[in-house]
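So the structure is just underneath, and the comments pick up after that.
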Amino acid sequence: AAATPALDLEAEPSMDVILVGSSELSSPVPAATGRELIAYEVKVNQRNIEEICLCCGSFQVHTQHPLFEGGMCAPCKDKFLDALFLYDDDGYQSYCSICSSGGTLLICENPDCTRCYCFECVDILVGPGTSGKVHAMSNWVCFLCLPFSRSGLLQRRKKWRSHLKAFYDQESKSPVEMFETLPVWRRQPVRVLALFGDIKKELTSLGFLGSGSDQGRLKHLDDVTDVVRKDVEEWGPFDLLYGATPAPGHACDHPPAWYLFQFHRLLQYARPSGSLRPFFWMFVDHLMLNKEDQDLVCRFLEMEQATIPDVRGGVLQSAVRVWSNIPAIRSSRHSALPSEEELSGLAQNRQSSKLPAQRPTKLLKNCFLPLREYFKYFSTELTSSS
Ligand SMILES: [Zn+2]
Ligand SMILES: [Zn+2]
Ligand SMILES: [Zn+2]
């Protein structure tokens, strides 16, 4: 997919170094014992690379790496699944596409790719010193974007997108099946139906909606009482259905569960039938639903919620509960989750005091980033603001 022709590492002296520091997460990769031996095992001992964990060098292979030829042990598989579809605020993935480590990563400069690679993977699997050369290049494109499929020991899998889907469906405990990610030439502008809450600002700042007519579109409805299937079919088709209970500062004109029932009803209308095209939905609760209502949502939408807290200065400012089939939406990985008491405290505050009409949807921005693997995106503000 890259426009760059076959690229000789030595022949590209002039570029800017682009690094992404992954602020979130994990402890640094331990000095992967035995990983340096991968090359020796493959080249000298003639061991099949599929029998070695590409991420740590272990011989206890549990499955195959979905993107590159090589094995994967069980702990590395778990780490990989956790990191899959996690993005930083700059729109790039947070972890190495090979071994899922964080820290300082080399990023792919193909504008349609969001992948990153750690120095160690590049040096061990492509060749010693490679990370330094990549680092010194401008316009480096990654091992999934290069026109040739092999770099040193790193051999891109044929049909890696199908492998990735199969890997996710088989290994993850998520109740939702993953849609196969799309190569850039198949990505279309996203078509969104937003109920009760507008997410235009968020999707625009992520680059999914622009001003041009070909840059995605969003239809926003506050009242759906009279909307019938025919309406949705006429307005559609849609790729994303969003719905939410009223945000703080907005009037709640209905019993909280009403928002769920209407969302669920329109979901039936908007969901493509008998088609494999990627279709996503997200239902968000701004702490309006009581425990009983929440259980109802879990039953209707057939999954558990994720709680996304907004903690600033060590203080819990707000939180949202999210149900969605967008990959990688899950409860906060970094901070302790707020307790039910804290959440109901927030919920009471939001009712008694007239909170300013903030946009808690800001919390959701990163939840939409995995959609970059499915839909066209345009210029974004990601690098300048968050
Ligand atoms: Zn491993
Ligand atoms: Zn790595
Ligand atoms: Zn790339």
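One-based numbering, in listed order, for ligands and for the atoms of each.
Geometry at the Zn ion (ligand 1): SG/Cys76 and SG/Cys53 form an angle of 110°, nearest 10 degrees. Rounded to 10°, the angle formed at the Zn ion (ligand 2) by Cys99 SG and Cys118 SG is 110°. To the nearest 10 degrees, the angle centred on the Zn ion (ligand 3) between SG in Cys108 and SG in Cys145 reads 110°.
For Glu292 and Arg299, the salt-bridge test fails: no basic side-chain N is under 4.0 Å from an acidic carboxylate O. We find that Glu202 and Lys365 are not joined by a salt bridge, their nearest charged nitrogen and carboxylate oxygen being 4.0 Å or further apart.
With 2.8 Å as the limit, Cys73 counts as an N, O or S neighbour of the Zn ion (ligand 1). Contact annotation: Cys96 places an N, O or S atom under 2.8 Å from the Zn ion (ligand 2). Metal site remark for the Zn ion (ligand 1): Cys56 contributes an N, O or S atom at a distance under 2.8 Å.
Counting heavy-atom neighbours within 6.0 Å of Gln268 CD, excluding the residue itself, gives a total above 12. Applying the 6.0 Å contact sphere to CD of Glu304 captures no more than 12 heavy atoms from other residues, nucleotides or ligands.
Only one option out of Gln170, Glu177, Glu180 pairs with Lys165 in a side-chain hydrogen bond (donor to acceptor under 3.5 Å, both in side chains); it is Glu177.
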